[in-house]
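Note that these values count all heavy atoms, side chains included, but never hydrogens, waters or copies made by symmetry. Since this is a predicted model, take the numbers as computed values, not measurements. Proteins get letters first, then strands, A, B, ... in listed order; numbering begins at 1 in each.
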Amino acid sequence: MDFEDSPEEAAFRKEVRAWLDANAKKRDGRRQIDPEDMENGAANEMAASKAWQKVKAKAGYARITWPKGMGGIGGTPMQSIIFGQEESKYDVANGGPFAIGLGMCIPTLMAYGDEEAKKRYVWPAVQGDEIWCQLFSEPAGGSDVANLRTKAEKNPDGTWTINGSKIWTTGAQFSDYGIILTRTDPNVPKHKGLTMFYIDMKDPGVDIRPIKQASGGSGFNEIFFTDIKVKDSQRLGAVGQGWTVALTTLMHERLAVGGGTGGGLDVAQLMALARTLELEDGPAIKNAAVREKLADWYVRSAGLRYTTMRTMTALSQGKQPGPEASIAKIVVASKLQDLSAFAMDLEGEAGILQGNEAPMQGAFQGGWLSSPGLRIAGGTDEILRNIIAERVLGLPQDIRVDKDVPFNKIPTGR
Amino acid sequence: MNFDFSDDQKMLKDQARKFLSEKCTTKTVRTVFEGDQHYDANLWKQIAEMGWHGTAIPEEFGGLGLGYLELCVIAEEMGRALAPVPFSSTVYLFAEALLIAGSDEQKKKYLPKVAEGLLIGTFARAEGPGAVLPKNIKTTLKGGKLSGKKIAVVDGPIADFAVVLAQTNEGAGERGLQLCVVDLKGAGVTRTTNTTLDASRGHSDITFDNAAAEPLGKAGEGWSDMQRVLDRAAILMAFEQVGGADVCLAMAKDYALNRYAFGRPIASFQAIKHKLADMYVNNELARSNAYYGAWALSTGARELPLAAASARVSATQAFDYASKENIQTHGGIGFTWQMDCHFYYKRAKETGLVLGPQRAWKDRIVSELETSNA
């Protein structure tokens, strides 16, 4: 048991460091990027992200596990992690805008698209010239994604027309293309009437409107599609096979190691706050209730950190990560909410303030405001528990009353 | 990055599981629980023959000298099996105290006997309810004679020797504390067997009245020596707790899959699925924390105290949760004496208190964080 690189990993790390030294500057302190600004498309940051992505693509570090000539070097997942660890020490732009496209959309296109599409779209996405988004969730289909209503209807000339709306689409406002799951047959049960396409997000029939979140920011969008015309060659997979295609996309999502981090707000910040505050019985850091909470959250954070190391060990040994990789978001999101609320309680009346007026520049208020979203985005706490129960523990699915009912006969609520 | 046990260690674990699944069924546990013996002497003997007692004891002191990672995998299996033997008190506490504070002569005197399974040892510190604090240690050690009373000493009824925390200089507090070794069969030692929650692990009060005792380690270092012993024991005990917690999850899952209510397996209800998912999450976090403890223990890392306290708290919480929700998943039948669920519920509490309560270990986590951040 050790935390050292294997000889091959050490050699790769050395190679990566040398390349980074030649192509980037070492970070001096933390790079200041506001994620919400990022989502809003801050032009400078986007330009920097695209430029850095191009440099990486040329060297085969944009998509390390992909083949040579496609932005990769045919590397291992562990090499990908090593590159990420080293890259984070340098003052380079965030690769976030490409994560969904390269992590989910392009792999789906590579699996189901025709040769022409692959030739046309893969490389521009890899080197960051074109950004992709994923259009699955709808107002009527959140956790129950297959309940979606966006229609694709076939025209006599073989093309398709798409009408409907999607929601919670990360990065739609700066995306060039998207993969979209549509309903092509409402007369069969919901999973059977779906078909996947890719579309041009710059089409005049695409109307992107930011959603103002409860936290005040606008990281997501609602998108309306009015009579979008797509060619049959933009179809990914057979008509009616959209659910199978979507599962491929989502499988790629799950292979991504890590999960939400809760914005780095954790026990260290709560300790820093507790050192500065005075409570009824003396310094907050000496208060037994505070210390108990600090310890509770510390063991969960530490447990996750070492769970990630177990996952990396599996990858390093060429194995698939075990089910332990699936627990991160459940732990992080609730912890962020509870820890932030506890910190605000310690702050007393000052806890009601926000931003720079609040203690520690409102870090805990920020965490508290964003945590409800984190508990929902990318699979709610409840869906993630179902996934653990069903895929890890092998428990049966819940009874699905809509399973064999034609989609247009499924009861709808409000 | 190799944050996992080696193939050899995993093989040892498989052997231990196979051995214990044959030799230590829950029937074995029940026999001790319901009988008047405080442990299964036959199982104890067979485990000694396997050489497990001496896993981490160096060869020069009669052990196998394999190491702590090997002892961790055995501990997990002992925990899974709820083995009703004085393994943790003899191996994690008594032997570790000798290794940490003992002179070469003392190690040579006691450790080979531990390794051979000829000596049952334990560790005595608490003298009453509430926190164990230096100022509350009233047992005195003077001129090789020990006087005072210790309570709820694990395996007290059957132990041959105990390491005891004693005061050498009344009123000196921590500066006067020292560990010592006492022959519990000697003159001046009286034991009163306790009635305890977990009857598969015997406990007793022990009164010393001018009992012969040999000092272990230096006077004034008793408290820190004890803390080092507890840290090491906490990591090993965390593996026992993780093993027990995993069994609770497996029992709950098995029952939920086979119990039908409202026309379907209760495992298909989200109320049950989410409960089991939470058990899984807690167990995995506890396992990862225990692994880090194992690494710290095997390498003697500077992070050992923090790793130990984290492993301890995480494993105690996981075993507590899994054992109580296992009963809940079983419903009424889970609350009967005839089912095994209550053995785990009680063992979870016993293991969670025997090295000191969560509250104290949580405080230790924060103290460690405070010094590491300073």
Problem set entry | Region of B:Leu69 in contact with chain A, defined by heavy-atom distances below 4.5 Å | side chain

Seminar exercise, completed: Ranking A:Glu390, A:Gln397, A:Met78, A:Arg300 by heavy-atom pairs under 4.5 Å to chain B gives rank one to A:Arg300

Problem set entry | salt_bridge(B:Glu174, B:Lys135) N-O dist < 4.0 Å | no

Exercise. How about residues 5-15 of chain B versus chain A: which residues have heavy atoms under 4.5 Å apart?
Worked result: B:Phe5, B:Lys10

Exercise. Of the backbone (N, CA, C, O) and the side chain (C-beta and beyond), which part of B:Ile365 lies under 4.5 Å from a heavy atom of chain A, both, or neither?
Worked result: side chain

For this session: Among the options A:Glu4, A:Arg291, A:Glu292, pick out the one with the most heavy-atom pairs lying under 4.5 Å from chain B.
Result: A:Arg291

For this session: Please examine the side chains of B:Tyr292 and A:Phe3, heavy atoms only from C-beta on, and report whether any two atoms are closer than 4.5 Å.
Result: yes

Exercise. So which of B:Ala311, B:Ser367, B:Ala277, B:Ser298 has the biggest tally of heavy-atom pairs under 4.5 Å with chain A?
Worked result: B:Ala277

For this session: Measure distances from A:Val290 to the heavy atoms of chain B and classify the residue's part below 4.5 Å as side chain, backbone, both or neither.
Result: neither

Problem set entry | Aromatic ring proximity B:Trp295/B:Phe3, centre distance under 6.0 Å | no

Exercise. Can you say whether B:Leu249 sits under 4.5 Å from chain A via the side chain, the backbone, both, or neither, judging by heavy atoms?
Worked result: side chain

Exercise. Going by an N to O cut-off under 4.0 Å, is there a salt bridge joining A:Glu382 and A:Arg385?
Worked result: no

Exercise. Is any side-chain N of the basic residue among A:Asp144 and A:Lys190 closer than 4.0 Å to the acidic one's carboxylate O?
Worked result: yes

Exercise. Is it the backbone or the side chain of A:Tyr298 that comes under 4.5 Å from a heavy atom of chain B, or both, or neither?
Worked result: side chain

For this session: For the pair A:Asp266 (side chain) and A:Ala268 (backbone), establish whether a donor and an acceptor sit closer than 3.5 Å, ignoring hydrogens and angles.
Result: no

Seminar exercise, completed: Counting heavy-atom pairs under 4.5 Å with chain A, the top scorer among B:Trp361, B:Phe269, B:Tyr291 is B:Tyr291

Problem set entry | Pairing of A:Asp281 and A:Lys286 as salt bridge, 4.0 angstrom limit | no

Result block: side-chain N/O donor-acceptor pairs under 3.5 angstrom for residues 312-320 of chain B, not counting sequence neighbours:
{"residue": "B:Arg312", "atom": "NH1", "partner": "B:Thr351", "partner atom": "O", "Å": "2.8"}
{"residue": "B:Arg312", "atom": "NH2", "partner": "B:Thr351", "partner atom": "O", "Å": "2.9"}
{"residue": "B:Arg312", "atom": "NH2", "partner": "B:Gly352", "partner atom": "O", "Å": "2.9"}
{"residue": "B:Arg312", "atom": "NH2", "partner": "B:Gly356", "partner atom": "O", "Å": "3.0"}
{"residue": "B:Ser314", "atom": "OG", "partner": "B:Asn289", "partner atom": "ND2", "Å": "3.0"}
{"residue": "B:Thr316", "atom": "OG1", "partner": "B:Gln241", "partner atom": "NE2", "Å": "3.1"}
{"residue": "B:Thr316", "atom": "OG1", "partner": "B:Arg312", "partner atom": "O", "Å": "2.7"}
{"residue": "B:Gln317", "atom": "NE2", "partner": "A:Asp296", "partner atom": "OD1", "Å": "2.8"}
{"residue": "B:Gln317", "atom": "NE2", "partner": "B:Gln358", "partner atom": "OE1", "Å": "3.2"}

Exercise. For chain A, which of B:Asp363, B:Val281, B:Thr299 has the most heavy-atom pairs under 4.5 Å?
Worked result: B:Asp363

For this session: Compare every heavy atom of B:Thr329 with every heavy atom of B:Ala256, then report the nearest pair and how far apart it is.
Result: CB-CG2, 4.2 Å

Seminar exercise, completed: Note: A:Phe83 and A:Leu20 closest approach over all heavy atoms is CZ-CD2, 4.5 Å

Exercise. Can we say A:Asp398 and B:Arg264 salt-bridge, meaning some charged N sits less than 4.0 Å from an Asp/Glu carboxylate O?
Worked result: yes

